[in-house]
Amino acid sequence: TGRATGEDENDGKTITTTEGQTNYVEIYNSASIQVVSISGNPVVVSTGQEITVIMVVTNSGEGIADGVEPGTMYILNNGSGGANIISGPDPTSASINAHGYQEFTWVYSAASAGTIWFSNNASGYDDTRGNTIYAEGAWSNTINIQTEASLIAGIEGIPEKVSIGQMITVYVTVTNTGEAGAEGVRPITPSAGSNVVALTGPDPNEAVIGGGGIQVFTYTYSANGAGVISLTTLVEGYDVNSKVTKTASGTSNSITIEEPAQLTSYINAEPSIVKEKEDIITVYMTVTNVGEAEAINVVPSLTGTGGP
């Protein structure tokens, strides 16, 4: 309500209007929404691993925000990296009371290596007036996607030819061709049947192999039976990010195990009757190796005994 006063220009008397009243103005409690955070976890993942993205929307106004829903989730990268959606948003929409908040959740699968981040906004309706209200977009933290750990196993036995009872050194070389580290990597003791017996190993017992790294595990064996063998093994480990089990198998070079060299000799002297101090005696020694392994540097040795 209100009135106006003034003075008459001629006689100077005060003049006053009658009291007036405006139309009614409705004052309502309005809603005001904001995207206060977008977070992606874990911040370091391997390809194939799940990423959970949570967007928090608040209502800082005094009214209720109805039908609040996220916009389109954008995935950006620094030149490489990507993710595929599995589910979300959950919920698809919600009402947010005055000074309240709502979390919206998505789940993605890391698809390709690189650095990515997420961006989104939100919209809804003011409960009192029904007009559309908007929340400006926000950015998430960055997420580093690594190619998953991948193991390759190689085995070498040295020497390649041994005799029964001889020692064989076996090297299991494990390579991680992924970017993510592999933890708890350990070979299962290589086997080759009853021809060999494991004595020591593995050394080390287990290892963490970083992306692109190599670890050598050492075993010693005793040759137990003749034959041609190859050792086989299975290597196990875990992706340091996803904890998914990673395995690799390998087969060694061929190793020949032989019966040890074993010499026998036969000695013959001719003629069997000779004249003292005149005739020449020729002695023949025949040496035979009845083993499988080659006998090298064989040297004969003779002694004479007897008398008239």
Side-chain angles (χ1 to χ4, degrees), residues 42-51 80-84 109-115 143-258 292-293:
V43 296
V44 180
V45 297
S46 298
T47 48
Q49 189 175 346
E50 290 186 356
I51 304 167
S80 62
N84 297 325
S109 174
S112 57
T115 301
I143 297 173
N144 183 21
I145 302 175
Q146 301 175 326
T147 56
E148 61 187 325
S150 180
L151 303 179
I152 298 175
I155 313 176
E156 182 182 19
I158 298 174
E160 293 185 344
K161 183 187 287 188
V162 296
S163 297
I164 292 175
Q166 191 174 346
M167 301 288 290
I168 304 170
T169 302
V170 175
Y171 300 100
V172 178
T173 302
V174 182
T175 304
N176 178 10
T177 60
E179 293 178 328
E183 61 185 358
V185 179
R186 187 178 192 274
I188 296 173
T189 300
S191 62
S194 60
N195 295 76
V196 291
V197 176
L199 300 178
T200 64
D203 182 23
N205 185 59
E206 66 176 47
V208 175
I209 306 177
I214 298 174
Q215 178 66 55
V216 178
F217 299 88
T218 304
Y219 293 83
T220 58
Y221 288 78
S222 174
N224 196 45
V228 178
I229 66 165
S230 292
L231 294 108
T232 59
T233 189
L234 177 70
V235 176
E236 292 183 335
Y238 305 92
D239 185 292
V240 73
N241 297 323
S242 66
K243 309 305 179 186
V244 171
T245 300
K246 300 297 178 180
T247 61
S249 59
T251 301
S252 75
N253 53 305
S254 295
I255 301 171
T256 301
I257 303 175
E258 299 177 327
E292 292 181 321

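In this structure, OH in Tyr219 is found 10.0 Å from CG in Asp203, a value given to the nearest 0.5 Å. In this structure, the separation between CD1 on Ile152 and OG1 on Thr175 is 6.0 Å, given to the nearest 0.5 Å. Here the CG-CD distance, from Asn224 to Gln166, works out to 13.5 Å after rounding to the nearest 0.5 Å. Within the model, atoms CD1 of Ile255 and CD1 of Ile229 stand 4.5 Å from one another, a figure rounded to the nearest 0.5 Å. Here OG of Ser254 is found 10.0 Å from CG of Leu231. Values are rounded to the nearest 0.5 Å.
Within 6.0 Å of atom NZ in Lys243, more than 12 heavy atoms from other residues, nucleotides or ligands are found, so the atom counts as buried in its surroundings.
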Evaluate the side chain to side chain contact (heavy atoms under 4.5 Å, CB included) criterion for residues Val208 and Val240: first the C-alpha distance (whole Å), next the side-chain angles of each, then the deciding distance (0.1 Å), finally the verdict. CA-CA 9 Å; Val208 175; Val240 73; 5.9 Å; no

What do the steps show when you test Phe217 against Val174 for side chain to side chain contact (heavy atoms under 4.5 Å, CB included), and what is the final call? CA-CA 8 Å; Phe217 299 88; Val174 182; 3.8 Å; yes

Given Met167 and Leu199, is the side chain to side chain contact (heavy atoms under 4.5 Å, CB included) satisfied, shown in steps? CA-CA 9 Å; Met167 301 288 290; Leu199 300 178; 3.4 Å; yes

Does the side chain to side chain contact (heavy atoms under 4.5 Å, CB included) test come out yes or no for Val185 and Glu206, once each step is laid out? CA-CA 5 Å; Val185 179; Glu206 66 176 47; 6.0 Å; no

Between Thr232 and Thr251, is a side-chain hydrogen bond (donor to acceptor under 3.5 Å, both in side chains) present by the stated rule, with each step listed? CA-CA 4 Å; Thr232 59; Thr251 301; 5.7 Å; no

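Side-chain atoms of Thr169 and Thr218, non-hydrogen and from C-beta on, do get closer than 4.5 Å to each other. Between Arg186 and Pro204, every side-chain heavy-atom pair lies at or beyond the 4.5 Å cut-off. Counting heavy atoms from C-beta outward, Thr256 and Val228 have side chains that approach closer than 4.5 Å. Side-chain contact between Val43 and Asn144 is absent, with no heavy atoms from C-beta onward closer than 4.5 Å. The closest side-chain heavy-atom distance from Ile168 to Ile158 is not below 4.5 Å. Looking at heavy atoms from C-beta onward, Thr173 lies in side-chain contact with Ile214 at the 4.5 angstrom threshold.
In this structure a side-chain-to-backbone donor-acceptor pair under 3.5 Å is missing from Asn253 to Glu160. Here the side chain of Tyr221 pairs a donor or acceptor atom with the backbone of Pro190 at under 3.5 angstrom. Without hydrogens or angle criteria, Asn176 side chain to Ala149 main chain gives no donor-acceptor distance under 3.5 Å. For Thr233 (side chain) and Ile188 (main-chain N/O), a donor-acceptor pair under 3.5 Å exists by modelled atom type. For Asn84 (side chain) and Ser109 (main-chain N/O), no donor-acceptor pair under 3.5 Å exists by modelled atom type.
In plain terms, the two heavy atoms of Val235 and Ala153 that are nearest each other are CG2-CB, 3.8 Å. Closest approach of Ile143 to Pro42, counting heavy atoms only: CG2-O, 3.7 Å. The minimum heavy-atom distance between Ile257 and Ser163, with the atom names listed, is CG2-C, 4.4 Å. Summarising the geometry of Leu151 relative to Ala182, their closest heavy-atom pair is CD2-CB, 3.9 Å, with the distance given to 0.1 Å.
Side-chain N/O atoms of Ser46 and Asp239 include a donor and acceptor closer than 3.5 Å. Between the side chains of Thr47 and Thr147, no donor N or O sits under 3.5 Å from an acceptor N or O. A donor and an acceptor atom, one from each side chain of Asn241 and Gln49, are nowhere located under 3.5 Å apart.
Partner of Ile155 under the side chain to side chain contact (heavy atoms under 4.5 Å, CB included) criterion, chosen from Ser249, Ser252, Pro187: Ser252. Exactly one of Glu236, Glu183, Glu148 qualifies for a side-chain hydrogen bond (donor to acceptor under 3.5 Å, both in side chains) with Lys246. That residue is Glu148.
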